[in-house]
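To start, the structure itself, in structure tokens.
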There are 2 protein chains.
Amino acid sequence: MNNGRFAIALHILTLLDKAKGELLSSAYLAGSININSAMVRKELSNLREYGFVESKEGKNGGSILAISANEITLGEVYQSVRQLSLLGNQKNTPNPKCPVGKNINEHLNNLYNDTELVLIEQLSKQSLADFSKKFG
Amino acid sequence: MNNGRFAIALHILTLLDKAKGELLSSAYLAGSININSAMVRKELSNLREYGFVESKEGKNGGSILAISANEITLGEVYQSVRQLSLLGNQKNTPNPKCPVGKNINEHLNNLYNDTELVLIEQLSKQSLADFSKKFG
DNA sequence: TTGTACTGTAATAAAAATAATTACAGAATG
DNA sequence: CATTCTGTAATTATTTTTATTACAGTACAA
């Protein structure tokens with residue numbers, strides 16, 4: 001992993017939790033996060049796919065949590081924004097003639113996968129509600 | 001984290017372990033990894049700072065492990081190449097007027113730090129020797 | 001003592017990934 | 001039917017990462 005999307009997603013979800021069912025517009029969310037509202041809508045679109053939020057179009061529209069903050073773990077949030085492998089192996093094209101080079105990607109992938117599972121397990125110990133509680 | 005340096009560092013260290021004390025040149029290492037030898041030397045420079053390798057300049061020079069592969073854990077390798085926080089928070093300048101925005105960086109940092117500790121703990125279960133063994 | 005084969009490092013350039021912006025069609029409300 | 005939203009695509013900008021080039025300095029060996 002490697003991007004700020006986790007922070008943005010979690011920020012959005014925390015704000016929605018605090019709003020307690022009131023619809024929040026992407027412009028409002030963007031104001032708190034201090035990013036562009038189109039970025040917020042893009043992230044909301046992803047969160048929607050994962051079933052974390054629902055949005056209402058049109059005037060007075062906005063977004064709310066689709067499920068309770070207790071039912072969303074930070075591990076799930078992580079997975080929703082995850083794109084690359086944890087330790088990043090964008091390209092990695094070692095020399096296949098070298099016994100190490102030939103096999104390192106396989107071993108690296110196993111290592112990354114195992115490690116990421118532990119990371120997700122750790123993040124999953126905390127729910128969105130737990131996180132949100134920290135904000136007084 | 002976020003970069004391919006972990007893979008490169010581990011690749012270098014594995015090759016050095018396999019070489020069993022024979023000096024390997026940056027050109028040779030680069031050939032197996034399939035990257036530029038200046039990149040290898042840069043990474044070797046870092047690994048040297050961490051005490052993992054030693055290099056010898058001049059003709060017939062090259063690098064060797066400075067300590068036993070049993071004494072190097074993958075957690076330490078991770079830490080040697082680590083630069084950003086695990087989940088990436090390059091910039092993140094939320095609105096300080098928002099109760100969530102004002103405090104989220106602190107909570108995020110705590111979360112990232114805790115999570116990274118667990119990740120390092122997990123990686124530290126495996127030594128370079130363990131990893132190297134996988135390559136027949 | 002000099003040619004050769006290395007390392008060390010800095011400066012620069014290229015590429016890739018990420019983030020931001022702009023734009024506009026479509027939906028819901030009043 | 002004007003207004004205020006969302007959804008999404010297209011584009012641009014920025015930042016990060018990776019690669020390249022260059023060259024001084026070191027050590028060996030004839």
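Throughout, a chain's letter reflects where its sequence line sits, starting with A, and its residues are numbered from 1. Computed over heavy atoms, backbone and side chain alike; hydrogens, waters and symmetry mates excluded.
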How about Ser127(B) and Asp130(B): does a side-chain donor come under 3.5 Å of a side-chain acceptor?
->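 Present: a donor and an acceptor within the cut-off.
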
In whole Å, I'd like the distance from the [atom1] atom of [X] to the [atom2] atom of [N].
X	N	atom1	atom2	answer
Ile33(A)	dA19(C)	CD1	C1'	13 Å
Glu43(B)	dA19(D)	CD	P	12 Å
Leu44(B)	dC6(C)	CG	C1'	13 Å
Met39(A)	dT11(D)	CE	P	18 Å
Asn36(A)	dT6(D)	CG	P	12 Å
Leu29(B)	dA5(C)	CG	C1'	15 Å
Glu49(B)	dT7(C)	CD	P	18 Å
Ile8(A)	dT18(C)	CD1	P	12 Å

For the residue pair [X] and [Y], establish whether any side-chain heavy-atom pair is separated by less than 4.5 Å.
X	Y	answer
Glu121(A)	Val118(B)	no
Arg82(B)	Glu116(B)	yes
Thr73(B)	Leu123(B)	no

Give a yes/no answer on whether the side chain of [X] brings an N or O atom under 4.0 Å of OP1 or OP2 in [N].
X	N	result
Ser26(A)	dT6(D)	yes
Arg5(A)	dA19(C)	no
Lys42(A)	dA19(C)	no
Lys59(B)	dA30(D)	no
Ser45(B)	dT9(C)	yes

Residue mapping more 5' on DNA chain C - nearest nucleotide basis, Ser37(A) or Gly58(A) =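 By nearest-heavy-atom nucleotide position, the 5'-most residue is Ser37(A).
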
Which residue lies more 5' along DNA chain C, comparing Arg48(B) with Glu57(A) via nearest heavy atoms |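 So the residue in question is Arg48(B).
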
Helical bend (five base pairs per end, nearest 10°) for the helix from dT1(C)-dA30(D) to dG30(C)-dC1(D) |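 Computed from the C1' atoms at both ends, the axes differ by 10°.
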
When rounded to the nearest 0.5 angstrom, what is the spacing between CD in Gln79(B) and OG in Ser124(B)?
->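 Between Gln79(B) CD and Ser124(B) OG, I get 6.5 Å after rounding to 0.5 Å.
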
Please round to the nearest 0.5 Å and tell me the distance separating atom CG of Leu65(B) and atom CZ of Phe52(B).
->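 Taking CG in Leu65(B) and CZ in Phe52(B), the distance rounds to 10.5 Å.
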
Do the ring planes of Phe6(B) and Tyr112(A) sit parallel (below 30°), tilted (30 to 60°) or perpendicular (above 60°)?
->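 Taking Tyr112(A) first and then Phe6(B), their aromatic rings sit tilted (interplane angle of 30° to 60°).
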
Residue whose nearest DNA chain D nucleotide is more 5′ - Arg41(A) or Asn60(B) =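 Looking at DNA chain D, the more 5' nearest nucleotide goes with Arg41(A).
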
When you get a sec, tell me which of [options] is the closest nucleotide to the side chain of [X]?
X	options	result
Lys56(B)	dT26(D), dA27(D), dG7(D)	dA27(D)
Ala38(A)	dG7(D), dT21(D), dT8(D)	dT8(D)
Ile35(B)	dT3(D), dT7(C), dA19(D)	dA19(D)

With no hydrogens and no angle check, is any side-chain donor or acceptor of Thr14(A) less than 3.5 Å from a backbone partner on Leu10(A)?
->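 Answer holds: yes.
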
